[in-house]
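Single-structure report; data block below.
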Protein chains: 2
Amino acid sequence: MQYASKMTSDSETEATWPRGRRSSFVAQRVRDMIVAGDIEAGTRINERVLTEQLGVSRTPLREAFKILEGEGLVRIEPNRGATVVSISPEEVEAAIEVLIGLESVAAERACERATPQMIAEIEQLHTAMVDAYKRGELMEYFHTNQTIHQRIVDCAHNATLSRIYAAESARIRRYRYAGNRRSERWARAVFEHEQILDALKQREGALLREVLRAHHLNGWSVTRNVLESEMSKANG
Amino acid sequence: MQYASKMTSDSETEATWPRGRRSSFVAQRVRDMIVAGDIEAGTRINERVLTEQLGVSRTPLREAFKILEGEGLVRIEPNRGATVVSISPEEVEAAIEVLIGLESVAAERACERATPQMIAEIEQLHTAMVDAYKRGELMEYFHTNQTIHQRIVDCAHNATLSRIYAAESARIRRYRYAGNRRSERWARAVFEHEQILDALKQREGALLREVLRAHHLNGWSVTRNVLESEMSKANG
DNA sequence: TATACCCATATTGCATGCAATAAATCGTCA
DNA sequence: TGACGATTTATTGCATGCAATATGGGTATA
């Protein structure tokens, strides 16, 4: 058995990771697999399989599980080990409420504290994102989009805010991806991102807060429908 | 050597914890020690000492360190193990900004979703807190105060919100305790809590948001001064 | 057929041993 | 005395072994 991974070819075993950072690297690899959806939600993770695949012993892997449990990506049950957490639409909505709240704080602070360099970087990302949209590269678009939101939060120069936003955002990433697949939402989202960029460039904190909020609520209303129809397909 | 703990008498060793939950229990114990200030900020934690004190092997202890690292309570460096994180006033302020943001989300939702039972529980806690204030029991006051804020957040019925709020709140707890020692701030804080309770009971979300925000900003301006003067004492 | 039980196997939780690294100690010499 | 290097000791990172638990399969019985 083998867990799929977009990072390495299937038969390949990892080169040994440096002593002292093995559990962090393992956590990063497993996190990537989970966030990317390479390991299906709800499945138990077999330690032996993953240790062989990653070329480390069980100790750093089990430490990695503790890290990922703290991030809400796996659940560890006694004698049953680690299971990839499955998140309901209600839980995704709850997390988005939180993300909106975090971005609200970030919006005001970002408009006060962002350096011209940071804004320029976001503008570049925005251009790249629009380009990906025009080329129809959904994955690239989605990834750049995520980066833009993270960078806006980073503009607030609040490490706690950036850390929590990144973790929560990763936790629900694979569920949010669903929404953008509808092309009419995709076009609308690109337009909203124009507004976001404008508000940031003009350093209008209250405006930025509101357009971000509306952007997420619009996105979620579409994503929720997609998720729910996918779930009813899966269950019926 | 021995790490102080308010939980057990000094010479006592733990009864063995149940198999399958040892790292969680160890994490809880170490978390309590750190949050209570029993282990000083900036100090390295010796694995051998703590394993002997807690009566577990190094494996669950090291797993607990990974959990606590995720919570921002310790930092793990290769070949140097776990160190209790020391937080600067700027970082406390950043975390408080986030807590205000989280409570802002919570305030609106709590006023929509709180059950009468939950509001009644908060009212009881409030009464107990005022009582502790009148008796001059600062520790009891502080603890009840923390519980009230957490319960208000819990009223929003958003598990993600509650989880993040609890973790961030714990992370900076020992730094916030400083502020309340000034009696004029203490009296003012009790008054502000009356306003908080009223707003919740009347389910005025926007009002609750604003009084909570003001409450934290007022508290922080006092706490910051105390922290900074303590730091200048420590360094000068 | 369905179900209860027993046994073999797989998997997990934890303690421990060993190697790598850091820290402390001691001796040497300026 | 104090700076420097070598050597010992302590500490950490990781792999592994063993015991506890869960899991799957087969058989007997209703």
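No hydrogens, no waters, no symmetry mates; every other heavy atom, side chains included, goes into these values. Just so we're on the same page: letters track the sequence lines, and every chain starts at 1. Predicted model only: the values in this text are computed from it and were never measured.
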Are OP1 or OP2 of dG13(D) and a side-chain N or O of Arg62(B) less than 4.0 angstrom apart? yes
Decide, yes or no, whether a salt bridge links Glu168(A) with Arg163(B) under the criterion of side-chain N to carboxylate O below 4.0 Å. yes
More than 12 heavy atoms of other residues, nucleotides or ligands under 6.0 Å from CD of Glu40(A): is that the case? no
Using whole Å, report how far CD of Glu47(B) lies from P of dG13(D). 6 Å
For the side chain of Arg44(A), starting at C-beta, report the closest nucleotide among dA15(C), dA22(D), dG13(C). dA22(D)
How is Ile45(B) classified with respect to the nucleic acid when contacts are heavy atoms under 4.0 Å: base, sugar-phosphate, or nothing? sugar-phosphate
If the threshold is 4.0 Å, N to carboxylate O, is there a salt bridge linking Arg151(A) and Asp154(A)? yes
Closest listed nucleotide, where the reference is the side chain of Arg48(A) and the choices are dT16(D), dC14(C), dT11(C): dT11(C)
If you check every side-chain atom of Thr59(B), which of dA15(C), dT21(D), dA20(C) has the closest atom? dA15(C)
Would you kindly give the CD-to-P distance between Glu63(A) and dG13(D), to the nearest whole Å? 8 Å
Figure out the CZ/P separation between Arg21(B) and dC14(C), and round it to whole Å. 10 Å
Length of the line joining Leu54(B):CG and dC14(C):P, which is rounded to integer Å: 14 Å
Starting at CZ of Phe65(B) and ending at C1' of dT11(D), how long is that distance when rounded to a whole Å? 12 Å
Testing dA22(D), dT16(C), dC14(D) for proximity to the side chain of Arg80(A), the answer is dA22(D)
Using a strict 4.0 Å threshold on nitrogen-to-oxygen distance, state whether Lys66(A) and Glu63(A) make a salt bridge. no
Expressed in angstrom and rounded to an integer, what is the separation of Phe25(B) atom CZ from dG13(C) atom C1'? 14 Å
DNA chain D nearest-nucleotide lookup for Val56(A) and Gly81(B): closer to the 5′ end is Gly81(B)
Look at the side chain of Arg19(A) against the base of dT12(D) and say whether a donor-acceptor pair falls under 3.5 Å; ignore hydrogens and angles. yes
In whole Å, I'd like the distance from the CG atom of Leu61(B) to the P atom of dC14(D). 15 Å
Choosing from dC14(D), dG13(C), dA22(C), which nucleotide comes nearest the side chain of Asn79(A)? dG13(C)
Expressed as a whole number of angstroms, how long is the span from Glu52(A):CD to dT11(C):C1'? 13 Å
Can you check whether Asn46(A) has a side-chain N or O nearer than 4.0 Å to OP1 or OP2 of dT11(C)? yes
Strictly below 4.0 Å: does Arg22(A) bring a side-chain N or O up to OP1 or OP2 of dC14(D)? yes
Without hydrogens or angle criteria, can the side chains of Tyr3(B) and Gln53(B) be said to hold a donor-acceptor pair below 3.5 Å? no
Kindly point out which of dT12(D), dC14(C), dT11(C) is positioned nearest to the side chain of Arg58(B)? dT12(D)
